[in-house]
Amino acid sequence: MRFLTTFLTVGTFLLAGGVQAQSATPVADVQPTLAPGDAVRIQVWREPDLSGDFVVNEQGVITLPLLGRMDVTSVPISQLRDKLISAYAVQLRNPSVTITPLRRVYVLGEVAKPGLYPVDPTISLAGLIALAGGATPIGDVQKVRIVRNGTVVVKQIDASSSVGMSNVRSNDEVFVDRRSWLDRNSGVVASAVISTLGIILSVVLR
């Protein structure tokens, strides 16, 4: 009996230790980084000549005033600001830097100002369409699709979704489709129906 008690005690201790060791193992988080085609908005306090939007080239490099070429695809966005502060500190006293990652997205279809727009991934698709002047009178913001390299990857998406959550990448096309023919001509159709009914009633009541 004493042997069984000791065995169970030791087993419980080892099991608890194993569980603790397993729970203590950290889970590696995949932190987002910039990719070729993206851009980053850098603002250096009181240094307008050093601030601006900088595009990540095909090699994953941006070219910054004063600093020159810098590889940014290997640096998590959360750490990029600290890297820039350290680099600018060589030339500036107590530099203050803010960064905003941007994706360059084409807004096409039935919008007032189609074109390429740098956008913060947190902006909604509706906000992105607004940057392009909003939908035209025949555009339908409920019919938005995403095209990548000539292929439709999302046939229809809610315009309230953010660019980041919608998995919109740089160089994607956010395409606003037209409203249906019936929707665009509902007034004409309604008038035609009313006129037809009027003619029928007048004939019947003669």
Side-chain angles (χ1 to χ4, degrees), residues 29-43 48 51-64 72-78 80-81 97-197:
D29 292 329
V30 179
Q31 299 189 39
T33 60
L34 293 167
D38 289 344
V40 59
R41 179 167 295 157
I42 299 175
Q43 294 177 303
S51 304
D53 294 352
F54 303 93
V55 178
V56 183
N57 69 14
E58 67 279 1
Q59 298 175 336
V61 171
I62 58 175
T63 301
L64 301 174
V72 294
T73 55
S74 60
V75 183
I77 294 173
S78 60
L80 181 57
R81 175 177 172 274
V97 179
T98 59
I99 65 170
T100 304
L102 304 173
R103 294 177 186 172
R104 299 195 305 161
V105 181
Y106 291 94
V107 187
L108 304 174
E110 295 300 332
V111 292
K113 299 177 181 178
L116 180 64
Y117 292 88
V119 293
D120 184 335
T122 61
I123 192 174
S124 67
L125 291 175
L128 174 58
I129 294 169
L131 289 177
T136 65
I138 62 174
D140 189 348
V141 293
Q142 302 301 319
K143 294 182 178 179
V144 179
R145 51 192 166 98
I146 300 173
V147 180
R148 181 174 302 146
N149 298 324
T151 302
V152 177
V153 292
V154 179
K155 291 184 178 180
Q156 187 169 340
I157 191 169
D158 187 352
S160 64
S161 303
S162 70
V163 169
M165 294 299 293
S166 303
N167 196 29
V168 175
R169 304 176 186 174
S170 284
N171 298 318
D172 280 359
E173 300 172 4
V174 173
F175 201 96
V176 179
D177 284 320
R178 292 184 176 186
R179 292 186 288 119
S180 66
W181 183 90
L182 183 60
D183 191 16
R184 286 183 282 126
N185 297 277
S186 58
V188 175
V189 173
S191 298
V193 171
I194 293 173
S195 298
T196 302
L197 288 175

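What you see is a predicted model, and the numbers here were worked out from it, not measured in a lab. Heads up: numbering here begins at 1 and tracks the sequence. Computed from heavy atoms alone, side chains included, the values below leave out hydrogens, waters and symmetry copies.
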Chemist: Output the distance between atom CZ (R179) and atom CD (Q142), rounded to the nearest 0.5 Å.
Modeler: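 The CZ atom of R179 sits 12.0 Å away from the CD atom of Q142.
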Chemist: Answer with yes or no whether the side chains of T136 and E110 bring together a donor and an acceptor at under 3.5 Å.
Modeler: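 A donor-acceptor contact under 3.5 Å links the two side chains.
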Chemist: Specify the closest pair of heavy atoms between R148 and V153, including all atoms of both residues, with the distance to one decimal.
Modeler: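 Looking at all heavy atoms of both residues, the shortest contact is CB-CG1, 3.9 Å.
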Chemist: I would like to know whether S124 and S160 meet side chain to side chain contact (heavy atoms under 4.5 Å, CB included); could you show each step before the answer?
Modeler: CA-CA 5 Å; S124 67; S160 64; 5.6 Å; no
Chemist: If I take atom CG from residue L108 and atom CG from residue D177, how far apart are they, to the nearest 0.5 angstrom?
Modeler: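 Going from CG on L108 over to CG on D177, the span is 11.0 Å.
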Chemist: When you measure from the side chain of R103 to the backbone of V168, do you find a donor-acceptor pair of N or O atoms at a distance under 3.5 Å?
Modeler: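 Side chain of R103 to backbone of V168, a donor-acceptor pair under 3.5 Å: yes, one is there.
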Chemist: Where do G60 and T73 come nearest, in terms of heavy atoms and distance?
Modeler: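 It is CA-CG2, 3.4 Å.
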Chemist: Rounded to the nearest 0.5 Å, what separates atom CG in L116 from atom OH in Y106?
Modeler: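 Taking CG in L116 and OH in Y106, the distance rounds to 5.0 Å.
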Chemist: Can D38 and R104 be counted as an ion pair, charged N to O under 4.0 angstrom?
Modeler: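 Not counted as a salt bridge, because no side-chain N and carboxylate O are separated by less than 4.0 Å.
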Chemist: I'd like to know if the side chain of R145 and the backbone of V174 have a donor-acceptor N/O pair within less than 3.5 Å.
Modeler: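 Such a contact is absent between R145 side chain and V174 backbone.
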Chemist: I'd like to know if the side chain of Q156 and the backbone of V144 have a donor-acceptor N/O pair within less than 3.5 Å.
Modeler: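 The answer is no, because no donor-acceptor pair under 3.5 Å joins these two groups.
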Chemist: What is the minimum heavy-atom distance between V141 and A135, and which atoms define it?
Modeler: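 What the structure gives for the nearest pair is CG1-CB, 3.9 Å.
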Chemist: Are side-chain heavy atoms of L34 and L80 found at a separation under 4.5 Å?
Modeler: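 Contact flag for L34/L80 side chains = yes.
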Chemist: What do the steps show when you test D140 against V176 for side chain to side chain contact (heavy atoms under 4.5 Å, CB included), and what is the final call?
Modeler: CA-CA 6 Å; D140 189 348; V176 179; 5.6 Å; no
Chemist: Does a side-chain heavy-atom distance below 4.5 Å link V55 with I62?
Modeler: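 No, side chains not in contact.
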Chemist: Quick one: OG on S78 to CD1 on I99, what's the gap to the nearest 0.5 Å?
Modeler: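 Result: 8.5 Å between the selected atoms.
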Chemist: Please check this pair: side chain of D120 against backbone of I123, looking for a donor-acceptor N/O pair closer than 3.5 Å.
Modeler: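 Between the backbone of I123 and the side chain of D120 there is no qualifying donor-acceptor contact (under 3.5 Å).
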Chemist: Looking only at heavy atoms, what is the nearest atom pair of A132 and V107, with distance?
Modeler: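 So the minimum-distance heavy-atom pair works out to CB-CG1, 3.7 Å.
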Chemist: Are any non-hydrogen side-chain atoms of V72 and V40 less than 4.5 angstrom apart?
Modeler: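 They are not in side-chain contact.
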Chemist: Considering non-hydrogen atoms only, spot the tightest contact between P101 and P121 and give its length.
Modeler: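 Reported closest heavy-atom pair: O-CD, 3.2 Å.
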Chemist: Report the C-alpha distance between L128 and V105 in whole Å, list the side-chain angles of each, state the deciding distance to 0.1 Å, and finish with yes or no for side chain to side chain contact (heavy atoms under 4.5 Å, CB included).
Modeler: CA-CA 9 Å; L128 174 58; V105 181; 4.0 Å; yes
Chemist: Counting C-beta onward and ignoring hydrogens, is there a side-chain heavy-atom pair between P36 and N57 closer than 4.5 Å?
Modeler: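 The answer is no; the side chains never approach within 4.5 Å.
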Chemist: I42 versus F54: any side-chain heavy-atom pair under 4.5 Å?
Modeler: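 The answer is yes; the side chains approach within 4.5 Å.
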Chemist: Got a donor-acceptor contact below 3.5 angstrom from the S162 side chain to the T122 backbone?
Modeler: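 Such a contact is absent between S162 side chain and T122 backbone.
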Chemist: For V152 and I146: C-alpha separation, side-chain torsions, deciding distance, then whether side chain to side chain contact (heavy atoms under 4.5 Å, CB included) applies.
Modeler: CA-CA 6 Å; V152 177; I146 300 173; over 6 Å; no
